[in-house]
**Student:** 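The structure that follows is given in the form of structure tokens.
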Amino acid sequence: MQVAIFSAKPYDRQFLDAANAAAGGRHHLAYLEARLSPETAVLAQGAGAVCAFVNDQADAAALETFAAAGVRLLALRSAGFNNVDLAAARRLGVTVARVPAYSPESVAEHTVAMILALNRRIHRAYARVREGNFALDGLLGFDLKGRSVGIVGTGRIGAAVARIMLGFSCRVLAHDPYPDPALEALGVTYATVPDLLAASDIVTLHCPLTPGTHHLIDAAAIRHMRRGAMLINTSRGAIVDTRAAIAGLKSGAIGLLGLDVYEEEGDLFFEDLSGQVLQDDVFARLLTFPNVLVTAHQAFFTAEALTAIAETTIANITAFEETGRAVHEVSTEKLA
Ligand code: NAI
């Protein structure tokens with residue numbers, strides 16, 4: 001099948017070519033550097049399937065262009081699908097497939113890397129030592145042992161974070177509409193969001209972005225948090241109201257903030273903009289805080305995850321070509 005691959009980076013090419021070769025090289029993969037938008041959707045002309053990533057915007061206009069061009073499958077190289085207008089896809093007969101589980105540990109371990117780095121101020125220590133400054137003032141951390149970690153969303157990634165933090169002898173609280181009995185058996189305690197926020201030294205977000213979780217962490221939620229607590233978001237940017245987080249940092253309500261995602265990341269992340277003037281004043285403000293650590297949506301970025309993403313994506317496309325059904329279709333029930 002001819003596949004138009006949007007937002008293609010050299011690493012996408014490397015892993016997708018390998019997975020396609022392992023599957024007999026049956027698909028023709030056309031790599032496009034462009035991000036998917038209503039304007040660029042036309043580049044998929046002639047393709048039977050489109051492959052897109054997290055900051056590609058598969059809105060109704062883009063999907064209409066696909067449908068008119070004969071595209072029947074949108075194969076996401078991601079777990080999240082908040083960037084797809086599912087109602088439009090269903091109306092237009094475009095099947096949406098995703099990669100539901102590719103190394104949850106990749107994201108969970110990055111989350112823990114952020115917790116450790118922020119707590120022990122590794123980002124500051126690294127810069128200081130290189131400048132010949134070996135003073136410790138301002139680098140004071142805390143023992144993780146015995147601290148409370150609140151996990152919002154205990155699906156694959158949140159569960160992996162819970163297991164790691166239990167290994168640090170943390171008390172693990174969680175909130176999820178569907179509590180996981182296996183985690184409860186390990187000692188995880190489920191609570192409401194306000195109770196979790198009030199009791200946690202570290203809050204980490206692992207729920208999907210939906211209308212219900214948009215700005216889940218807003219000014220009111222920040223007021224519920226323990227003063228000076230750490231907040232980590234490696235899920236989707238818009239789960240946190242960035243302006244409220246900045247206000248929380250300024251007042252000291254939030255003591256440490258780790259972000260791998262940002263609500264307006266689409267214009268920034270995955271690109272080298274080091275030669276340009278940063279136009280996003282909210283993001284620029286975030287970067288001024290010594291107690292904020294930002295990574296550019298790299299939590300998934302391990303060899304194991306990229307291999308799994310590529311293999312599942314190729315399997316989705318192959319199954320769709322052979323049977324008209326992808327292996328991991330985004331269920332239309334999720335529309336509810
Ligand atoms: P999952 O589907 O296995 O788990 C999501 C969990 O969130 C489910 O247990 C669900 O019941 C729960 N949930 C839904 N609404 C909730 C709410 N209002 N409050 C609390 N929990 C709620 O998904 P998985 O694989 O664990 O991924 C989680 C999210 O992580 C994805 O939706 C995606 O946005 C993000 N992600 C980020 C990556 C990165 O590189 N930074 C990479 C992969 C995923």
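Predicted model only: the values in this text are computed from it and were never measured. Whatever order the structure lists ligands and atoms in, that order sets their numbers, starting from 1.
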**Student:** Given the rule in the salt bridge (Lys or Arg N to Asp or Glu O under 4.0 Å) test, do Glu33 and Lys9 qualify, once you have shown the distances and angles that lead to the verdict?
**Tutor:** CA-CA 7 Å; Glu33 284 181 22; Lys9 299 291 182 196; over 6 Å; no

**Student:** What pair of heavy atoms forms the shortest contact from Asn20 to His27, and how long is it?
**Tutor:**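 For Asn20 versus His27, the nearest heavy atoms are ND2-O, 2.8 Å.
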
**Student:** Does a side-chain N-to-carboxylate-O contact under 4.0 Å join Arg156 and Glu105?
**Tutor:** no

**Student:** Short list, please: which atoms of ligand 1 are under 4.0 Å from a heavy atom of Asp176?
**Tutor:** 6 (C), 7 (O), 8 (C), 9 (O), 10 (C), 11 (O), 12 (C), 20 (C), 21 (N)

**Student:** When you measure from atom 28 (C) of ligand 1 to every protein heavy atom, which one gives the shortest distance, and what is it?
**Tutor:**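 Nearest neighbour among protein heavy atoms for atom 28 (C) of ligand 1, to 0.1 Å: His206 O, 3.3 Å.
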
**Student:** Are any of the heavy atoms in Gly212 under 4.0 Å away from ligand 1?
**Tutor:**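 No, Gly212 has no heavy atoms under 4.0 Å from ligand 1.
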
**Student:** Checking side-chain contact (heavy atoms from CB on, under 4.5 Å) against Leu256, which of Leu118, Ile232, Leu231 comes through?
**Tutor:**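 Exactly one pass, corresponding to Leu118.
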
**Student:** Go through ligand 1 atom by atom and flag the ones less than 4.0 Å from a non-hydrogen atom of Val107.
**Tutor:**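 Listed by number with element: 38 (C), 42 (C), 43 (C).
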
**Student:** Minimum heavy-atom separation for His175 to Val193, with atom names?
**Tutor:**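 For His175 and Val193, the tightest heavy-atom pair comes out as CD2-CG2, 3.4 Å.
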
**Student:** Not counting sequence neighbours, which residues clear ring pair (Phe, Tyr, Trp, His ring centres under 6.0 Å) with Phe168? List them please.
**Tutor:** none

**Student:** With atoms numbered from 1 as shown, which atoms in ligand 1 lie under 4.0 angstrom from a non-hydrogen atom of Asp260?
**Tutor:**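 Ligand 1 atoms under the 4.0 Å threshold to Asp260: 39 (C), 40 (O), 41 (N).
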
**Student:** Considering only protein heavy atoms, which is closest to atom 37 (C) of ligand 1, and at what distance to one decimal place?
**Tutor:** Thr234 O, 3.2 Å

**Student:** Identify the protein heavy atom lying closest to atom 33 (C) of ligand 1, giving its residue, its atom name and the separation to 0.1 Å.
**Tutor:** Arg236 NH1, 3.6 Å

**Student:** Would you say ligand 1 has an N or O under 3.5 Å from any N or O of Ile157?
**Tutor:** yes

**Student:** Walk me through it: do Phe301 and Tyr11 pass the test ring pair (Phe, Tyr, Trp, His ring centres under 6.0 Å)?
**Tutor:** CA-CA 10 Å; Phe301 202 58; Tyr11 45 83; 4.7 Å; yes

**Student:** Which protein non-hydrogen atom lies closest to atom 16 (C) of ligand 1, naming both residue and atom, and how far is it?
**Tutor:** Pro177 CD, 3.6 Å

**Student:** Relative to the ring of Phe270, is the ring of Phe300 parallel (under 30°), tilted (30 to 60°) or perpendicular (over 60°)?
**Tutor:** perpendicular

**Student:** What part of His297, side chain, backbone, both or neither, has a heavy atom within less than 4.0 angstrom of ligand 1?
**Tutor:** side chain

**Student:** Could you check whether any heavy atom of Tyr102 sits closer than 4.0 Å to an atom of ligand 1, since that is the contact criterion I want to use?
**Tutor:**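 Yes, that is the case, since the closest heavy atom of the residue is under 4.0 Å from the ligand.
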
**Student:** With nothing but distance in play, are any N or O atoms of Gly158 less than 3.5 Å from an N or O of ligand 1?
**Tutor:**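 For ligand 1, there is no N or O atom that lies under 3.5 Å from one belonging to Gly158.
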
**Student:** Is Thr213 close to ligand 1, meaning an N/O of one under 3.5 Å from an N/O of the other?
**Tutor:**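 In fact, backbone or side chain, Thr213 has no N or O that close.
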
**Student:** What atoms of ligand 1 come within less than 4.0 Å of a heavy atom belonging to Tyr178?
**Tutor:**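 With Tyr178 as reference, the close atoms of ligand 1 come out as 11 (O).
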
**Student:** Where is the nearest protein heavy atom to atom 4 (O) of ligand 1: which residue, which atom, and how far?
**Tutor:**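 Answer for atom 4 (O) of ligand 1: Gly155 CA, 3.1 Å.
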
**Student:** Between Arg35 and Asp267, is there a side-chain N and carboxylate O pair less than 4.0 Å apart?
**Tutor:** yes

**Student:** Consider every N or O of Gln298 and every N or O of ligand 1, then say whether any pair is closer than 3.5 Å.
**Tutor:**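 Between Gln298 and ligand 1, no N or O pair is found under 3.5 Å apart.
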
**Student:** Relative to Phe289, does Arg285 satisfy both conditions: NZ or CZ under 6.0 angstrom from the six-membered ring centre, and within 45 degrees of the ring's axis?
**Tutor:** yes

**Student:** Could you list the donor-acceptor pairs under 3.5 angstrom formed between side-chain atoms of residues 146-155 and any protein atom two or more places apart in sequence or on another chain?
**Tutor:**
residue, atom, partner, partner atom, Å
Ser148, OG, Arg171, NH1, 3.2
Thr154, OG1, Asp176, OD2, 3.4
Thr154, OG1, Tyr190, OH, 2.7

**Student:** Starting from atom 14 (C) of ligand 1, locate the nearest protein heavy atom and write down its residue, its atom name and how far away it is, to 0.1 Å.
**Tutor:**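 Of every protein heavy atom, Pro208 CD, 3.6 Å lies nearest to atom 14 (C) of ligand 1.
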
**Student:** Please write down residue, atom name and distance for the protein heavy atom closest to atom 23 (O) of ligand 1.
**Tutor:** Arg156 NH1, 4.3 Å

**Student:** Out of curiosity, is Ser235 lining ligand 1, as in a heavy atom under 4.0 Å away?
**Tutor:** yes

**Student:** Give the residue and atom name of whichever protein heavy atom lies nearest to atom 19 (N) of ligand 1, and the separation in Å to one decimal.
**Tutor:** His175 CD2, 3.6 Å

**Student:** Would you call the rings of Phe53 and His297 parallel, tilted or perpendicular if under 30° counts as parallel and over 60° as perpendicular?
**Tutor:** tilted

